[in-house]
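All values below were derived from every heavy atom in this structure, side-chain atoms included, with hydrogens, water molecules and symmetry-related copies excluded. This structure is a prediction, so every number in the text was calculated from the model and none was measured. Protein chains get the first letters and strands the later ones, always in sequence-line order, with residue 1 at the start of each.
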Protein chains: 2
Amino acid sequence: MNLKQLSESLGLSQTTVSRALNGYPEVREETRLRVQAAAEAANYTPNAKARRLATGRAMAIGHVMPLTGKEELVNPIFADFIAGAGEIYAREGYDLLLSMVPAEGTEAAYRQMAANASVDAVMVQAPTMDDPRVPLLQELGLPFLVHGRTGAPDGYSWLDVANIRAFRRATDFLLDLGHRKIALINGQETLDFARRRRLGFEQAMAAREVSPNAAWMRSDVMTEQYGYRAACEMLDAGDGPTAFLASSIIPAIGIRRAAGERGLRIGRDVSIICHDDGLSYMGNEGISAPDGPAFTATRSSIRAAGQRCAEILLSLIDNPNQPAIQELWDTDLSLGRSTGPAPA
Amino acid sequence: MNLKQLSESLGLSQTTVSRALNGYPEVREETRLRVQAAAEAANYTPNAKARRLATGRAMAIGHVMPLTGKEELVNPIFADFIAGAGEIYAREGYDLLLSMVPAEGTEAAYRQMAANASVDAVMVQAPTMDDPRVPLLQELGLPFLVHGRTGAPDGYSWLDVANIRAFRRATDFLLDLGHRKIALINGQETLDFARRRRLGFEQAMAAREVSPNAAWMRSDVMTEQYGYRAACEMLDAGDGPTAFLASSIIPAIGIRRAAGERGLRIGRDVSIICHDDGLSYMGNEGISAPDGPAFTATRSSIRAAGQRCAEILLSLIDNPNQPAIQELWDTDLSLGRSTGPAPA
DNA sequence: GCTTTTCTCCAAAGCGCTTTGGGTTGGCGA
DNA sequence: TCGCCAACCCAAAGCGCTTTGGAGAAAAGC
């Protein structure tokens, strides 16, 4: 059933039927109801392809996921974020177009999207300090929202968590517990959030006049093995750290493994605190855990961020000239069983 | 730049230019080269929206991800699978359309996709024993591929790992090590793969005339907390299992946590073996780990499965009447440090 | 030499929708 | 009575591509 058939069956023009269904005012209410009823009865849905061509709108949002060639790493964060965003898109009638491209092909991918307007906007994830995607998208005139920030966070819209504050607070928490030998197991510091977290860590340490041990500050892709190896090396070197601050629950699990193998008790011999993106399957949530969360953590749901980012991005489409929207989310510091006073 | 402009600039008709670019034989080779050169120079790409309308092909593959309302759980497996599939789609010029819908809305989502042909095919993940999606998609005439199988795995195309065999082998491995008190921490047994794994476990046990303890066979959504709690309960009940067989690395991590908290050494006091989907960030791979994989595991890369599934699915589109393609992948049993002889 | 075929190319008709630019009609004020 | 303005509705022109059904010229066949 297409519009033509429907309109013929109603004895109306395509114009009128189209307008009736799309809520334009030039059609009598009585007619509108009649049209809607007929459409429903005939199980009619406008052909999306035709509509896209006619309107020029893609009714789709692009997420470009760069596949870092060597590591072949899929960021587990993406999944939860996309799930959150996808929910909103679906609700608003937008499609989510996921594009996996090798890292060096991202620019071309965006240009392609802009050139034939196959998406109405794009979501930018995991920005680096000096991310080339921001100026590129500005040049292309494609609405976009950055989840996170770049080093120069002005003139575009973003949503980010207060990383400096979060890690300052987490560090303070460890310092208050008497820890002085604290290791930072950070993400790749080319990524802006990782740099900010390091800053937060350093600020807190400096404020107490504790100088961090350079050998205990690592920066890498946040895998379980990375956390494991880093912790192994530090713990085996003698006089190791008494506390670890990790950028994600994934390396934190590796740290726990390393400690466990050495017979160290978490929260007693060694403390671990991490940032928790609220990954559901990791279940580090207090509510659903009568035994309490495993890890003490700065928490901010990546899923919720995805939802909010989607909302903002869609609003950007309808209103492209509004001033940049910038939202900074605070994290919760949630107590778990992985931290305790520094051993004497 | 659109086709009309390009053809005018060349002094040719749109027909000829279109055919030249799409490799039809009715155009002289010399002309074709001229057209291609001009297209390249003008940075012309055909408008995807117009092409879709004209051809009726969507050049897109649908992945429908049901959001289980209560749990709000995002399956971490999906991410790696999609990454693999997306790679292939991109290479073949297909878009990946990701649709997040509440579980009860999946049927409507598929019907919608079929009704206006917004995708050329769909990928079905995590099938249940008696999955309604299979008959639905058959009715809709939408090409599809199932990753996994249903209880009646005939008449449609699928790719699956040999779950029974894998878990029989894993169980045998534990039995060979002298374990008799073995717990099965399975996924939800409404899912077909979980049922098969249980079967494999039971078969191996029966073959050695070891009767499994019903209290040690669990089935649930595979979170870390699930593994943790199950292990806690079993270990605290006195005379607990000496070995755990887990359906995924995620609950296995929870089991390890439970054991660790109780001062039990993994691979000595308690053995753990799990199925490993090769999630990159979990890094349970031997190659990249000089210290060896943490977990002994039956391994099969979910990413590679995604790639292969995509290839098969695309071939199904071009050739819809071919007999069903069914591929069964064997798993590797890779030795890690989480297993050892049963304690005396 | 004349008809057929083959090779190239083209005009125009879709694909199914939205949207522009009017047309009718009826009611109301002057 | 006439003119004007809403209120409704419509025909037709796109959107940018593919594809059908030729047409013209050159090559081939008899």
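Rounded to whole Å, atom P of dG16(C) lies 11 Å from atom CG of Leu3(A). Following rounding to the nearest Å, Met59(B) (CE) and dC17(D) (P) show an atom-to-atom distance of 15 Å. The interatomic distance linking Asn47(A) (CG) with dC17(C) (C1') rounds to 8 Å, in whole Å. Distance CG (Leu53(A)) to P (dC17(C)): 12 Å, rounded to an integer number of Å. Between Arg51(B) atom CZ and dG16(D) atom C1' the separation is 11 Å, expressed in whole Å.
Within the model, atoms CD of Glu327(A) and CH2 of Trp158(A) stand 9.0 Å from one another, a figure rounded to the nearest 0.5 Å. Separating the CG atom in Leu98(A) from the CD1 atom in Ile82(A) is a distance of 4.5 Å, to the nearest 0.5 Å.
Sequence neighbours left out, the pairs with a member in residues 48-62 of chain B that pass side chain to side chain donor-acceptor pair (under 3.5 Å) are Arg52(B)-Asp95(B), Arg57(B)-Tyr94(B).
Using a distance-only test at 3.5 Å, with no hydrogens or angles considered, no donor-acceptor pair links the side chain of Ser99(A) to the main chain of Val64(A). In this structure, Arg133(A) contributes its side chain and Gln125(A) its backbone to a donor-acceptor pair below 3.5 Å. At least one donor-acceptor pair under 3.5 Å links the side chain of Asn2(A) to the backbone N or O of Lys4(A).
Leu12(A) is listed as a side-chain neighbour of Val35(A), based on a closest heavy-atom distance under 4.5 Å. A heavy-atom distance below 4.5 Å is found between the side chains of Leu142(B) and Leu137(B). A 4.5 Å side-chain heavy-atom check between His147(A) and Ile302(A) finds at least one atom pair inside the cut-off.
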Sequence-aligned protein contact record of nucleotides 5-14 of chain C, with B where the base is within under 4.0 Å of a protein heavy atom and S where only the sugar-phosphate is: ---BBBBB-B

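Comparing the helix axis at one end of the helix from dG1(C)-dC30(D) to dA30(C)-dT1(D) with that at the other, each defined from 5 consecutive pairs, gives an inter-axis angle of 50° (nearest 10°).
At the phosphate of dG16(C), neither OP1 nor OP2 sits under 4.0 Å from any side-chain N or O atom of Tyr44(A). An OP1 or OP2 oxygen of dT18(C) is reached within less than 4.0 angstrom by no side-chain nitrogen or oxygen of Tyr24(A).
Within 6.0 Å of the CD atom in Gln322(B), the count of heavy atoms belonging to other residues, nucleotides or ligands exceeds 12.
The nearest pair of heavy atoms linking Glu87(A) to Leu67(B) is CG-CD1, 3.2 Å.
Glu107(A) meets the side-chain hydrogen bond (donor to acceptor under 3.5 Å, both in side chains) test with Arg111(A); sequence neighbours excluded.
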Please enumerate all protein N or O atoms sitting under 3.5 Å from an N or O of nucleotides 25-28 of chain D, with distances to 0.1 Å.
none

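Residues of residues 111-119 of chain A that place a heavy atom closer than 4.0 Å to DNA chain D do not occur.
A perpendicular orientation is assigned to the rings of His63(B) and Tyr89(B), their planes being inclined by more than 60° (bins at 30° and 60°).
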